[in-house]
Amino acid sequence: MSRAIEQNARVTPGFEDRVAHSLALLRSAAAEHPGRIVLTTSLGAEDMVLTDLIARHGLPIALATLDTGKLHAQTLDLIPQIEARYGLVVERWQPAAEQALVFVRTHGELAMRESVHLRKACCGLRKLEPLARLLNGRTAWVTGLRREQSGARAEVATTEVDDAGRTKVNALADWRWADVWHYIATHDVPYNALHDQFFPSIGCEPCTRAVSLGEDFRAGRWWWEQEDAKECGLHVSREPHAKETA
């Protein structure tokens with residue numbers, strides 16, 4: 001058994017109900033937004049669960065990821081695994097090459113560690129701008145956000161409306177970390193090899209480290225910053241509008 005599964009997978013009360021609820025959310029969203037809904041996968045454990053649910057139940061939801069140019073090799077390795085295992089295409093959305101080159105030439109390869117401003121600027125060009133293109137023409141997107149992930153996400157709704165008026169489906173909002181890994185173990189879902197090396201939350205390589213025993217779930221993300229700054233902007237809404245909180 002893998003280290004991540006052995007350490008994290010547990011059967012918790014209500015697990016089957018949570019799986020059924022997530023599947024119902026995905027089915028409903030796919031029906032309401034035919035051909036215009038996408039799973040924006042970070043290729044982390046939660047998004048691999050969602051990928052498996054989509055593929056297992058034949059849901060017409062596209063898969064897309066933000067290939068920032070700074071991802072771990074282990075993260076990128078999952079793309080061909082997904083395509084071979086499930087027969088689904090993973091769209092890869094990348095930053096504008098010239099903008100990324102200019103940023104690095106101007107500020108250096110590790111500019112993100114110099115200030116919160118530069119780190120957010122890097123996230124902006126590598127994540128937010130490609131995400132805007134990815135979502136263009138789409139009316140709904142699915143994420144792997146969970147309330148348990150951080151204080152900033154503790155009240156995330158299962159369904160909400162983003163700043164552009166799109167439906168945002170956080171289909172695993174009420175899942176626990178143990179649930180994620182129990183599902184992975186039960187269905188033999190492929191996952192990022194870094195999870196076996198104590199990386200619970202995985203972003204870009206310069207911005208992610210392993211966590212130690214007792215550290216917070218997202219302690220390995222932008223570890224040099226204050227806790228209240230630890231979001232890249234992908235899931236920060238200026239005016240959150242919850243449609244459903246159950």
Side-chain angles (χ1 to χ4, degrees), residues 4 22 26 29-30 33 35-56 59-97 99-100 112 122-146 149 153 156 162 164 166-173 175 180 183-184 187 189-195 199-208 218 220-222 231-236:
S22 297
L26 293 172
H33 303 272
R36 304 183 74 183
I37 182 171
V38 61
L39 166 62
T40 53
T41 174
S42 68
L43 304 169
E46 290 92 345
D47 291 327
M48 293 308 300
V49 167
L50 289 168
T51 298
D52 189 85
L53 282 169
I54 289 167
R56 184 174 298 276
L59 303 180
I61 298 175
L63 307 181
T65 194
L66 300 175
D67 183 355
T68 66
K70 293 289 184 180
L71 298 180
H72 298 81
Q74 294 94 327
T75 301
L76 293 173
D77 284 347
L78 274 172
I79 296 175
Q81 290 184 54
I82 291 169
E83 294 182 335
R85 166 78 175 266
Y86 299 114
L88 300 174
V89 174
V90 180
E91 301 173 16
R92 295 172 68 159
W93 292 80
Q94 299 174 317
Q99 290 181 21
M112 68 288 293
C122 187
C123 288
L125 72 91
R126 295 185 185 278
K127 294 183 177 181
L128 300 187
E129 190 279 330
L131 178 68
R133 286 186 277 117
L134 184 163
L135 292 176
N136 185 38
R138 284 165 163 148
T139 56
W141 51 311
V142 180
T143 85
L145 293 183
R146 293 184 302 108
Q149 287 170 337
R153 300 176 179 182
V156 67
D162 70 14
R166 298 182 187 89
T167 297
K168 184 177 180 184
V169 182
N170 307 309
L172 303 183
W175 283 42
V180 172
Y183 185 97
I184 287 172
H187 297 288
V189 177
Y191 64 86
N192 195 320
L194 289 173
H195 287 308
F199 283 73
S201 178
I202 304 168
C204 291
E205 187 168 11
C207 301
T208 309
R218 286 173 64 84
R221 302 291 295 277
W222 308 299
E231 288 286 353
C232 63
L234 291 179
H235 303 294
V236 176

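Index from 1, following the sequence. Everything numeric in this text was worked out from a predicted model, so none of it was measured.
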Are Arg221 and Thr208 close enough, and set up right, to give a side-chain contact (heavy atoms from CB on, under 4.5 Å), and what steps lead you there? CA-CA 5 Å; Arg221 302 291 295 277; Thr208 309; 3.8 Å; yes

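The shortest distance between side-chain heavy atoms of Lys70 and Pro206 falls below 4.5 Å. No side-chain heavy atom of Leu63 sits less than 4.5 Å from a side-chain heavy atom of Tyr86. With a 4.5 Å cut-off on side-chain heavy atoms, Ile184 and Val49 count as touching. Contact of the Ile37 side chain with the Leu59 side chain is not registered, since no non-hydrogen atoms from C-beta on lie closer than 4.5 Å. Leu194 places none of its side-chain heavy atoms less than 4.5 Å from the side chain of Glu205. The shortest side-chain heavy-atom distance between Leu66 and Thr40 does not fall under the 4.5 Å cut-off. Looking at heavy atoms from C-beta onward, Cys123 lies in side-chain contact with Trp222 at the 4.5 angstrom threshold. Residues Trp141 and Leu134 are not in side-chain contact: their nearest non-hydrogen atoms beyond the backbone lie 4.5 Å or more apart.
The two atoms that bring Gly144 and Gln149 nearest to each other are O-NE2, 3.4 Å, heavy atoms only. Shown here for Val38 and Ala64, the closest heavy-atom pair between the two residues is CG2-CB, 3.7 Å. The minimum heavy-atom distance between Arg126 and Pro130, with the atom names listed, is O-CG, 3.4 Å. Thr143 approaches Leu50 most closely through the heavy-atom pair O-CD1, 3.4 Å. Contact record, Thr139 with His33: OG1-ND1, 2.7 Å, taken as the closest heavy-atom pair. For Trp175 against Ser22, the heavy-atom pair with the smallest separation is NE1-OG, 2.9 Å.
Side-chain atoms of Asn192 and Gln74 form no donor-acceptor pair, as typed in the model, at a separation below 3.5 Å.
Every pair passing salt bridge (charged side-chain N to carboxylate O under 4.0 Å, His left out) that includes a residue from residues 40-49 is listed here, sequence neighbours excluded: Glu46-Arg146. Residue pairs that meet the salt bridge (charged side-chain N to carboxylate O under 4.0 Å, His left out) test with at least one member in residues 133-142, sequence neighbours left out, are Glu91-Arg138, Glu129-Arg133.
Side-chain atoms of Arg36 do not come within 3.5 Å of backbone N or O of Ala140 as any donor-acceptor pair.
A search for salt bridge (Lys or Arg N to Asp or Glu O under 4.0 Å) contacts involving Arg85 returns nothing, not counting sequence neighbours.
Ile79 contributes atom CD1, which lies 7.5 Å from atom CG of Leu71 (distance to the nearest 0.5 angstrom).
Exactly one residue among Asp67, Thr65, Thr68 makes a side chain to side chain donor-acceptor pair (under 3.5 Å) with Gln94. That residue is Asp67. A side chain to side chain contact (heavy atoms under 4.5 Å, CB included) with Leu43 holds for exactly one of Leu76, Ile82, Ile202; it is Ile82.
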